[in-house]
Amino acid sequence: MTDATDTRTPDSRPTGGLSAQYQPGEVEQRRYERWVEAGYFTADSASEKPPFTIVIPPPNVTGSLHMGHAFEHTLMDALTRRRRMQGYEALWLPGMDHAGIATQNVVERQLAAQSLSRHDLGREKFVERVWQWKAESGGAILGQMRRLGDSVDWSRERFTMDEGLSRAVQTIFKRLYDDDLIYRAERIINWCPRCLTALSDIEVEHTDDDGELVSIRYGEGANSIVVATTRAETMLGDTAVAVHPEDERYRHLIGTEVELPLTGRRIPIVADEHVDPAFGTGAVKVTPAHDPNDFEIGQRHGLPSLTIMDERAVVTVPGPFEGLDRYEARPAIVAALREQGRIVAEKRPYQHSVGHCARCKTTVEPRLSLQWFVNTKPLAKAAGDAVRDGRVTVEPAEFTKRYFAWVDNMHDWCISRQLWWGHRIPVWYGPNDEVVCVGPDEEPPTGAGWRQDEDVLDTWFSSGLWPFSTLGWPEQSADLTKFYPTSVLVTGYDILFFWVARMMMFGLYAMDGVPPFHTIALHGMVRDQHGKKMSKSFGNVVDPLDWMDRFGADATRFTLARGANPGADVPVSEEWCQGSRNFCNKLWNATRFALMNGATVAGELPPSDELSTVDRWILSRLQHVTAEVDEQFETYEFAKICDTLYHFAWDDVCDWYVELSKPVLAGGGEAADRTRRVLGHVLDHLLRLLHPVIPFVTEELWTVLTGAETVVTAAWPATETARIDDAAEEEVAALQKVVTEVRRFRSDQGLRPGQRVTAALTGLGNVGIDVHEALIRSLARLDRPAADFAATATLAVTGGITVDLDTRGTIDVGAERARLEKDRAAAEKEAAQCRAKLGNEAFVGKAPEAVVAKIKDRLTAAESDLTRITAALDALPST
RNA sequence: GGGCGCGUAGCUCAGUGGGAGAGCACUCGCCUUACAAGCGAGGGGUCGUAGGUUCGAAACCUACCGCGCCCA
């Protein structure tokens, strides 16, 4: 902890050398590397402090920082920085994943530029080449994270392909295999004919696309049957036609055979409950090797599966269609069928759901192939139970149902990928069909005929281990002991299924039932200012680096955090970022003012009974704000944290406290000394409270203000309830009301801000603020009445306060009459509403006493205002 | 088709039983010695529609309309 114990006299650093405007670029570059060098972000596993751990959702090694990262990192950094200040041993662990498909694509594209394919290099050389690429161009995002100010522990940076993490992958694979939770089977999987690999269900994105629905007649005469399909080309692989067993139209055909056109093959008509009689003709073609539903029908009826396309989705059936791509084959086959008079109906366009590769958007081809799977049933059950029994909470809670819906209906997970970049499956096949799964400390079998499985594992398989593999698992390392389980997982709701569920399953399995985190804090997606998704095709993508250049990292962070309502999407715009920059500048100038006026953090804060009402008021407000911010941090209400601090800083501190302090500071003496101490204290705490969200500007200002080393490790402010002072708050509120009312009059009358007006104030004692008359006069620029005082206007301020002003005859009677009439109307409306309520017996009888009393007070106040407003109106000279 | 959520000021969003709020935008007046990236003042909303519960509904219930997302 750093305690502020600066002993220099205020005069030795009038403005701390602060310029009139905040220049973020200059400050930020200077600060970050110093933080890292000082080791503030390096966690100590031997520490006695309670741990606070966040693992970064590992960005893709090929990626660069986009607004979504900037957003997510801002939230994680804010949480981590606060905990660090609170005295936790805070670890925010950075790293990246190897992004199998994406990275392989990048390097293959480079090779293609030299007219080479990965096969020209061979597996070993290719993988070498990828490592080389990573060393040269990978991880651009890591440098960008520094610009954003991420307080991550760089000494613990991890990469999913590192030796330790690879060992974790092999270890868990072996354990799952031995527990029969990993198996190899021939199944229909999602295949990307461009990436040439299998994909898991969640790597497929479904969209409604325009296609065609073609009805084809199979067979002849009375025994013919019409099927409807969106994929006519797959008919070459049909091995049956299916109808619903109850469907009267086709009952007589069940068990018969029809001839499959263009092939001469005869296929059976089978009855299956899963056929929807209402869809199309009620009869469906069955292509077990190219459709997941058909595959299941095939399984139920013992149908053969005919694969008719190769891995690039090119037809392989000998004949006229051989060598045609699936999209060339479709019209060719429809044409051939039409020639035979077999096309009964055609519908174009026909909208239907089509799956696409999440990585390259190519339409996936369901494909029958031999792959490795995780049996997710028991793992997913445990992952669901951990949330069900409250060991893990999802924030916001609305997402809990979605989480259950997913984990409770999870399909087995296809984990093999036909790639070279990734963790190779640790299974060897022997010459006599032996299958051996090899653990990390075991020697793979050698000798003739033994070969390792060619495939690698899904990237999510390794990132699912992230919360413990990065801490040293499977070794029981000091880090694992100290920092597992992690405290909170911060991530977007879009990868609840991709990643969160995987970590839950693996964490519970590998760590003896201890879930990888206590809290899952979900955030939304960053959108443009109209709530539209950012996309290149819309041209509405905003680059966070650009914002950081122009407005500063703090402004970028504040804009993102300020929009962060739990689980909700975050719209951002340049204008809002400008506003955030303005806020940083406001803090800058408030501190500048404080330094110019000798604000200090030296010595004890005077006891409340020695402080002025205004000093007690701002300290009281500070306590409320501190308590609110604490509560908002605990519930991940980042938008509210920002809002609370923004308004406290701008409205309470700058607009009122600083202005109210000016006459006190100018007056000198002990009163000024006390206010200098309070001003120093308030800014000190305000900057600490803001530091987690806007680390750079707060560091710069706080160190100048306090003379201490850094705010990064300064103690987080505690709420001092003894400083809460309701009386002071009420007095200042009353004072503000009078000042505002006078300013309103001045504005309506077109009086210049600097123009002094003579006025008599009466009734201040009603609300106990007669002692503040001088302050009120100072802020409202009112002179004391002289002998020739003659009021030309009267203001009625709620609370029974009256301000008589002498404008030396220059009163704009029209404007004043309009103002008073508006006030009278408002007061009349208020009084009428209150009277109506109080005249309602049911209300008086049933509403709580406090509510009734409040309405009575409001009525009294409104009637008092009304009397004085009416009098003022009557006193206006007639025009 | 199933599920979740949203509809509040021009825009983006808070507010979840007792006087309709914020930021930005807008209007008017100000270079007032911390800040024009600023200061002061102001205008602007039948809280999607229709019922219901209640002394009292933006909030709770029901239906409908519109929009978004996830899953099938």
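None of these values were measured; they are calculated from a predicted model. Labels below follow one simple rule: chain letters A, B, ... track the order of the sequence lines, proteins then strands, and each chain is numbered from 1.
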Residues that [X] engages under side chain to side chain contact (heavy atoms under 4.5 Å, CB included), provided they are two or more places apart:
| X | result |
| --- | --- |
| V678(A) | L605(A), L611(A), D615(A), I618(A), L619(A), Y657(A), V682(A) |
| D494(A) | M525(A) |
| V664(A) | A671(A), T675(A) |

By the salt bridge (charged side-chain N to carboxylate O under 4.0 Å, His left out) test, which pairs, at least two apart or in different chains, include something from [range]?
| range | result |
| --- | --- |
| residues 640-659 of chain A | R562(A)-D643(A), R621(A)-D652(A), E637(A)-K640(A), E659(A)-K662(A) |
| residues 524-533 of chain A | R527(A)-D569(A) |
| residues 733-742 of chain A | E741(A)-R744(A), E741(A)-R819(A) |

Counterpart residues, ring pair (Phe, Tyr, Trp, His ring centres under 6.0 Å), relative to Y493(A) (two or more places apart): F399(A)

Within the sub-3.5 Å range, which N or O atoms of nucleotides 1-6 of chain B have a protein N or O partner, and how far apart are they?
residue: C4(B); atom: OP1; partner: K401(A); partner atom: NZ; Å: 3.2

Give [X] one of three labels, base, sugar-phosphate or nothing, depending on what nucleic acid heavy atoms sit under 4.0 Å from its own.
| X | answer |
| --- | --- |
| Q529(A) | sugar-phosphate |
| R562(A) | sugar-phosphate |
| R858(A) | base |

Tabulated below should be each protein N or O lying under 3.5 Å from an N or O of nucleotides 51-62 of chain B; please produce it.
residue: C55(B); atom: OP1; partner: K846(A); partner atom: NZ; Å: 2.3
residue: C55(B); atom: O2'; partner: N840(A); partner atom: ND2; Å: 3.1

Residue whose nearest RNA chain B nucleotide is more 5′ - E637(A) or Y493(A): E637(A)

Throw together a table of side-chain donor-acceptor distances under 3.5 angstrom for residues 547-559 of chain A, partners on residues two or more places apart or in other chains.
residue: D549(A); atom: OD1; partner: R147(A); partner atom: NH1; Å: 3.3
residue: D549(A); atom: OD1; partner: R147(A); partner atom: NH2; Å: 2.9
residue: R550(A); atom: NH1; partner: D546(A); partner atom: OD2; Å: 2.9
residue: R550(A); atom: NH2; partner: E574(A); partner atom: OE1; Å: 3.3
residue: R550(A); atom: NH2; partner: E574(A); partner atom: OE2; Å: 2.4
residue: D554(A); atom: OD1; partner: F696(A); partner atom: N; Å: 3.2
residue: D554(A); atom: OD2; partner: F696(A); partner atom: N; Å: 3.3
residue: D554(A); atom: OD2; partner: V697(A); partner atom: N; Å: 2.6
residue: T556(A); atom: OG1; partner: G552(A); partner atom: O; Å: 2.9
residue: R557(A); atom: NE; partner: V693(A); partner atom: O; Å: 2.8
residue: R557(A); atom: NH1; partner: D77(A); partner atom: OD2; Å: 2.9
residue: R557(A); atom: NH1; partner: L148(A); partner atom: O; Å: 2.8
residue: R557(A); atom: NH2; partner: D77(A); partner atom: OD2; Å: 2.8
residue: R557(A); atom: NH2; partner: P692(A); partner atom: O; Å: 3.0
residue: T559(A); atom: OG1; partner: A555(A); partner atom: O; Å: 2.7
residue: T559(A); atom: OG1; partner: S580(A); partner atom: OG; Å: 2.7

Polar side-chain atom of N840(A) near backbone of A842(A) as donor-acceptor pair, under 3.5 Å: yes

K640(A) side-chain N/O to G15(B) phosphate OP1/OP2 under 4.0 Å: yes

Residues from residues 574-590 of chain A lying under 4.0 Å of RNA chain B - heavy atoms: E575(A), W576(A), R581(A), N582(A), N585(A), K586(A), N589(A), A590(A)

Near-strand residues of residues 650-663 of chain A, defined as heavy-atom separation under 4.0 angstrom from RNA chain B: W650(A), C654(A), D655(A), V658(A), E659(A), K662(A)

For atom CG of N597(A) and atom P of A34(B), their distance in whole Å: 7 Å

